[in-house]
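Report on the structure given below.
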Amino acid sequence: MLQQREKQARRTGLPELANAEKGKVVLRFAPNPNGPLSFGHARGIIINGEYAKEYDGELILRFDDTDTSKKPPLVKAYDLIQQEAEWLLGFSPHRIIIASDRIAEYYSHVELMLEGGFGYVCKCSAEQFREYRVGMTDCPCRSYSTVDNLEFWQDMLDGTYQPGDAVVRVRTDMTLRNPALRDWPALRIQDTEANPHPRATVGSKYRVWPLLDFQSAIEDHLQGVTHIIRGKDLMDSTRKQKLLYEHFGWDYPETMYWGRVKVHEWGGFSTSQMRKDIEAGLFEGWSDPRLPTIASLSGSGIQASALRNFWTELGVTQKDIAVPLATLYSHNIKIIDDDAPRIAFIRDPVALTLVGVNESFVEIPTHPNTSNLGTRKIDLQNSVVFVEREDLQHHKLRLKEFGDFDIKDNQAHFVAKERTDKRKIIHWTSKDSSVDASLQRVIDGEICLLKGKLEEHQLPSNTPVQIERIGYGIIAAHDKIIFTHD
RNA sequence: GCUCGUAUAGUGUAGUGGCCCAUCAUAAAGGACUCUCAUUCCUUUGACCCGGGUUCAAAUCCCGGUACGAGCACCA
């Protein structure tokens, strides 16, 4: 007992998984493909993915596309989500599951449940059942025989019942303290004639569809999921599913939860709402830079690894949090700055004629801290340079990496190559080495295109750059830069 | 209403009874470096929700408040 404990090092990265054996961990991320991935989804993908990586386990990407009317899937979202998941993770999910391809499996488990007597077909209305639930009294349908239940089940399948007429419930206990757990619904009927499933191979093939708690529970078991990490809004879902697992005699996976996340700058983010707004023409599409989607983030220069660092740093606490985007930006800068070429963009450009300059060009470093990126050559054949109008408040200026100049009547009179005083250092470019270009930036909820002169470059699209004295951005085209952040 | 959960600096986060007058990051302020209002580096400011209890010892355990959030959907 005299031994002194070493000062415990600060834990970094994600906390350990309970009961996890390296190589035998199976995790999953299960979005509804009613739109591409949002910033919030990234947490699910990244946390589960990082654990899969850390434990040499597997990550399943599962499409929970079982609602055809309230949150109908978007056909193109299946592919988009796969691409976005791969981009975020840096690897492809090990398995892809689509719930709507698995209906037969779910049906066979319904039959097991009905035969085992731990499920029943309930023909009460939702309102009626709510009264039973609140009153902690058994619903009359609870006492049907197995034979009856199997017959009613067939009636659900063959169209005898309409949506709302019958559901399959898991028999738990109507006196459970937690009302959410009392004989919870497992499957319901949807009118897939009026609202066919958007996937052509599914369409109107099924009328009876599982609800999340049932579908997810069965699928997790079939896939051998060992750990479920999800939002704490699904805590009661876990409790419901555990009751079902007990009926089947299965072991429930280990679970972890995270709390609600808000971003100061965005507020909440609902895929359904975004979809409405896009369809209403409020936004240009899922990659609109004002939207909190993965498409928007990646399109405006946020790196996947920045998102990974961001979410793993937040970890898996159950606290509801509000985070500023500054934290994400700081991660992004750490990733891109060392390799980001410097480039000049002159807003509100004013042309100045050089006086007293003999050189036909100047060569300046592409990155101030490393020579690996080489130099850029600025042509001066025409002796005309561009500077920002705002900088002309001063009449003694230093053109960065070029020389000191005195400004008079739109002429820049050469003073010296070396610094002669403390005059302001500004970025600039030349007429010969620049093009008319624009800088796309979101300002007060508007997408703005700032016109200006962009230094000539041969950088491919999507290259992260540092726009001198302005901030960071990515190359969108030869004559366009998309602003990322300060 | 019933049920469940969470509460550490401005914002996040570490901490599972003595290493803690509490970690790290970010933000803010100041400074160094720098031919960018960038990067890097240094310094400073700043927190255990409240009240009881257990204990030699509590951010850590217990009880009670309070605040916030979630579930009680034939959504996911």
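Proteins come first, then strands; the chains are lettered A, B, ... in the order of their sequence lines, and each starts at number 1. Here the structure is a predicted model, which is why all the values come from computation and not from measurement.
At a cut-off of 3.5 angstrom, counting only N and O atoms as typed in the model, there is no donor on one side facing an acceptor on the other between the side-chain of Glu313(A) and the base of U26(B).
Partners of Tyr329(A) according to the ring-ring contact (aromatic ring centres under 6.0 Å, His included) rule, which considers only residues two or more places apart in sequence or in another chain, are His485(A). Glu313(A) pairs by the salt bridge (Lys or Arg N to Asp or Glu O under 4.0 Å) definition with nothing, not counting sequence neighbours. Under the rule for a side-chain hydrogen bond (donor to acceptor under 3.5 Å, both in side chains), the partners of Thr420(A) that lie at least two apart in sequence or sit in another chain are Asp404(A). For Tyr132(A), there are no ring-ring contact (aromatic ring centres under 6.0 Å, His included) partners two or more places apart in sequence or in a different chain. Considering only residues two or more places apart in sequence or on other chains, Phe129(A) meets the ring-ring contact (aromatic ring centres under 6.0 Å, His included) condition with none of them. Considering only residues two or more places apart in sequence or on other chains, Asp338(A) meets the side-chain hydrogen bond (donor to acceptor under 3.5 Å, both in side chains) condition with none of them.
Listed nucleotides A14(B), C37(B), C74(B) differ in distance to Leu211(A); the shortest reach to its side chain belongs to C74(B). Side-chain proximity of Arg469(A) to C74(B), A14(B), C37(B): nearest is C37(B).
Ring geometry, Phe310(A) versus His331(A): the interplanar angle exceeds 60°, so the pair is classed perpendicular (tilted spans 30 to 60°).
Counting non-hydrogen atoms under 4.0 angstrom, Ser69(A) reaches nothing in the nucleic acid. Among the atoms of the strands shown, none is found under 4.0 Å from any heavy atom of Gly259(A). Counting non-hydrogen atoms under 4.0 angstrom, Pro31(A) reaches nothing in the nucleic acid. Ser272(A) comes within 4.0 angstrom of nothing in the nucleic acid, heavy atoms only. Residue contacts for Ile426(A): at a heavy-atom cut-off of 4.0 Å it reaches no nucleic acid atom on any strand shown. Residue-level contact check: Leu212(A) touches the bases, meaning some heavy atom is under 4.0 Å from a base atom.
Annotation: ring pair (Phe, Tyr, Trp, His ring centres under 6.0 Å) contacts involving residues 62-82 of chain A, sequence neighbours excluded, comprise Phe63(A)-Tyr78(A).
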## Note on the structure
Quick tally for nucleotides 5-11 of chain B: nucleotides whose base has a protein heavy atom under 4.0 Å get B, sugar-phosphate-only ones S, the rest -, giving SSSS--S
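Residues of residues 391-401 of chain A that place a heavy atom closer than 4.0 Å to RNA chain B, in numerical order, are Arg398(A), Lys400(A), Glu401(A).
Nearer the 5' end of RNA chain B, as judged by each residue's closest nucleotide, is the contact made by Val134(A), out of Ile470(A) and Val134(A).
C48(B) and C21(B) are spaced 12 Å apart, taking the C1' atom of each and rounding to whole Å.
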Would you list the protein and nucleotides 39-42 of chain B atom pairs, both N or O, that sit under 3.5 Å from each other?
unit_1, atom_1, unit_2, atom_2, d
U39(B), O4', Asp337(A), OD2, 3.3
U39(B), O2', Asp337(A), OD2, 3.2

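Helical stems involving RNA chain B, defined as 3 or more consecutive Watson-Crick or G-U pairs under 3.5 Å, span B:1-7 with B:66-72, B:10-12 with B:24-26, B:28-32 with B:40-44, B:49-53 with B:61-65.
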Atom pairs and distances, side-chain donor-acceptor, residues 204-214 of chain A, under 3.5 Å, sequence neighbours left out:
unit_1, atom_1, unit_2, atom_2, d
Ser204(A), OG, Thr192(A), O, 2.8
Arg207(A), NH2, Tyr161(A), O, 2.4
Trp209(A), NE1, Tyr206(A), O, 3.1
Asp213(A), OD1, Ser237(A), OG, 2.1
Asp213(A), OD2, Lys240(A), NZ, 2.9

